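Report on one structure; see the data block that follows.
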Amino acid sequence: MKHETEPILQVNNLVKDYVSRGLLNSKSQVFHAVNNISLELYPGSTYALVGESGSGKSTTGKIICALEKATAGTVTLLGENYTNDSPSQLRKNIRGNIQMVFQDPFSALNPRKTIGDAVIEALQIRDIGSSGRERRNIARDTLQRVGLSVWHMDRYPHQFSGGQLQRVNIARALAVQPKILILDESVSALDVSIQAQVLNLLQEIKEEFSLSYLFITHDLSVVRFIADYVGVLFKGQLVEEGETKEIFEHPENEYTIRLLDSVPRTDPQQRHLLG
Ligand SMILES: Nc1ncnc2c1ncn2[C@@H]1O[C@H](COP(=O)(O)OP(=O)(O)O)[C@@H](O)[C@H]1O
Ligand SMILES: [Mg+2]
């Protein structure tokens, strides 16, 4: 892969071990959830991390987002290694720049808070906006940008559909002006037609706000639509990586080939543009 710019994010030899105690004896066993992963995310691009359930995708995302600590390896943002930063340094330097959107749109939100307050809270945590009024305005504008209306602000999560709630979660992430979004199966729980709408929204805001995406998914049919690069994870290891078109047309790894064979043959572009 040739690039004219430096990567915005670099993951180097990342390892995450979980230690568990055996059921039959008390011997502890080490399990490599992430086993020596290296990847680069370039400004303005989308890198799709694909692989079956349990392959280490979410763990990788959480470490990048500083929600989990790595066992070994480093992650750098614009060349700065933050792997060993203190919680206060992470809050200051990372949390605003790297935001994560999860799969379940409902559980990410407090059911007792209006969606306006959910976005305002994200702004407060990041110290954005000089007054309550300004934060409310930013929240309103951001919610409008993701396709919601001003009268939605005073409603509660249970009054929204899954697709609308995922828009709220995207607004929450977007409002703090991040550089990178980590989208962990963010459309996987939505109906296909709604998936298409949310994917289109993600494409639009990526351009508009100069974002870079790490798009985590087990669903290869969305990868072709959204990703510039693909990394295939298998049992914690990156077994193949490359430009999306190359991976889809000339997969080399045996596991990648199997994964691609399991994708429905409908044209994903068509399928998603229908929405
Ligand atoms: N906190 C944890 N403790 C022990 N094992 C974990 C923990 N989190 C994840 N794992 C294990 O690590 C592996 C990778 O998990 P995960 O990153 O969630 O995979 P994916 O997102 O690809 O489905 C799985 O086998 C999972 O059971
Ligand atoms: Mg996961």
Side-chain angles (χ1 to χ4, degrees), residues 9 11-39 41 46-75 83 87 90 94 98-109 162 165-166 169-170 172-173 180-190 195 198-199 202 213-224 226-227 229-241 244 247 251 253-263:
L9 186 90
V11 173
N12 305 300
N13 305 107
L14 196 68
V15 175
K16 178 69 180 180
D17 291 342
Y18 288 114
V19 180
S20 64
R21 224 165 265 286
L23 283 177
L24 299 175
N25 53 41
S26 57
K27 258 194 184 163
S28 56
Q29 288 182 318
V30 177
F31 171 71
H32 308 297
V34 173
N35 195 355
N36 201 23
I37 291 179
S38 300
L39 61 86
L41 176 65
T46 297
Y47 186 111
L49 202 52
V50 305
E52 65 200 30
S53 175
S55 55
K57 306 183 297 294
S58 294
T59 304
T60 304
K62 285 180 195 161
I63 293 170
I64 293 171
C65 219
L67 298 171
E68 292 249 20
K69 266 222 158 305
T71 304
T74 60
V75 189
T83 325
L90 290 172
I94 301 306
I98 308 177
Q99 288 277 309
M100 197 155 173
V101 178
F102 294 94
Q103 174 168 4
D104 179 2
F106 192 77
S107 68
L109 294 163
L165 286 181
Q166 208 54 311
N169 286 310
I170 292 167
R172 249 174 84 101
I180 297 170
L181 287 191
I182 299 183
L183 301 152
D184 188 355
E185 305 273 11
S186 305
V187 301
S188 303
L190 308 175
Q195 274 190 17
V198 176
L199 287 172
L202 287 170
Y213 289 166
L214 183 69
F215 193 90
I216 294 175
T217 183
H218 69 283
D219 184 353
L220 278 169
S221 59
V222 306
V223 168
R224 204 168 192 168
I226 200 155
Y229 306 99
V230 182
V232 182
L233 261 190
F234 181 62
K235 294 187 176 169
Q237 291 187 311
L238 210 51
V239 293
E240 185 159 9
E241 190 195 43
T244 305
I247 297 284
N253 180 273
E254 198 184 316
Y255 175 70
T256 311
I257 294 168
R258 259 197 290 142
L259 205 63
L260 287 170
D261 277 345
S262 65
V263 180

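Values in this document were obtained by computation on a predicted structure and should not be read as measured data. We number each residue from 1, following the sequence as shown. Side-chain atoms are counted along with the backbone in the values below, which use heavy atoms only and exclude waters and symmetry mates. Atoms within a ligand are numbered from 1 in the order they appear, just like the ligands themselves.
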Is the shortest heavy-atom distance from the side chain of Lys235 to the side chain of Asn35 under 4.5 Å?
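Of all side-chain heavy-atom pairs linking Asn35 with Lys235, none is under 4.5 Å.
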Side-chain heavy atoms of Ile247 within contact of Val223, under 4.5 Å:
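A side-chain contact is absent here, since even the closest heavy-atom pair is not under 4.5 Å.
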What distance separates Leu214 CG from Leu9 CG, expressed to the nearest 0.5 Å?
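Leu214 CG to Leu9 CG: 7.5 Å, rounded to 0.5 Å.
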Contact table, ligand 1 N/O with protein N/O, distance under 3.5 Å:
from	atom 1	to	atom 2	distance (Å)
ligand 1	8 (N)	Tyr18	OH	3.4
ligand 1	17 (O)	Ser58	N	3.4
ligand 1	17 (O)	Thr59	N	2.9
ligand 1	17 (O)	Thr59	OG1	2.5
ligand 1	19 (O)	Gly56	N	3.3
ligand 1	21 (O)	Ser58	N	2.9
ligand 1	21 (O)	Ser58	OG	2.9
ligand 1	22 (O)	Ser55	N	3.1
ligand 1	22 (O)	Ser55	OG	3.4
ligand 1	22 (O)	Gly56	N	3.1
ligand 1	22 (O)	Lys57	N	3.0
ligand 1	22 (O)	Lys57	NZ	2.9
ligand 1	23 (O)	Gly54	N	2.6

Run the side-chain contact (heavy atoms from CB on, under 4.5 Å) test on Val230 and Thr256 for me, step by step, so that the C-alpha distance in whole Å, both residues' side-chain angles and the decisive distance to 0.1 Å come before the verdict.
CA-CA 11 Å; Val230 182; Thr256 311; over 6 Å; no
Around the Mg ion (ligand 2), list the protein N/O/S atoms within a radius below 2.8 Å, excluding water molecules.
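Checking every protein N, O and S atom gives Ser58 OG.
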One pair to check against side-chain contact (heavy atoms from CB on, under 4.5 Å): Ser53 and His218. What are the steps and the verdict?
CA-CA 7 Å; Ser53 175; His218 69 283; over 6 Å; no
How close do Gln195 and Asp219 get, heavy atom to heavy atom, and via which atoms?
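So the two residues come closest at OE1-OD2, 4.3 Å.
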Going by the rule side chain to side chain donor-acceptor pair (under 3.5 Å), which residues pair with Glu52 if we only count those two or more places apart in sequence or in a different chain?
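Result, side chain to side chain donor-acceptor pair (under 3.5 Å) vs Glu52: Tyr255.
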Tabulate below the donor-acceptor pairs under 3.5 Å that side-chain atoms of residues 60-70 make, not counting sequence neighbours, or state none.
from	atom 1	to	atom 2	distance (Å)
Thr60	OG1	Gly56	O	2.7
Glu68	OE2	Tyr18	OH	3.3
Lys69	NZ	Thr83	O	2.9

Before you tell me yes or no, could you show the steps for Val222 and Phe215 under side-chain contact (heavy atoms from CB on, under 4.5 Å), namely the whole-Å CA-CA distance, both residues' side-chain angles and the distance that decides it to 0.1 Å?
CA-CA 10 Å; Val222 306; Phe215 193 90; 3.6 Å; yes
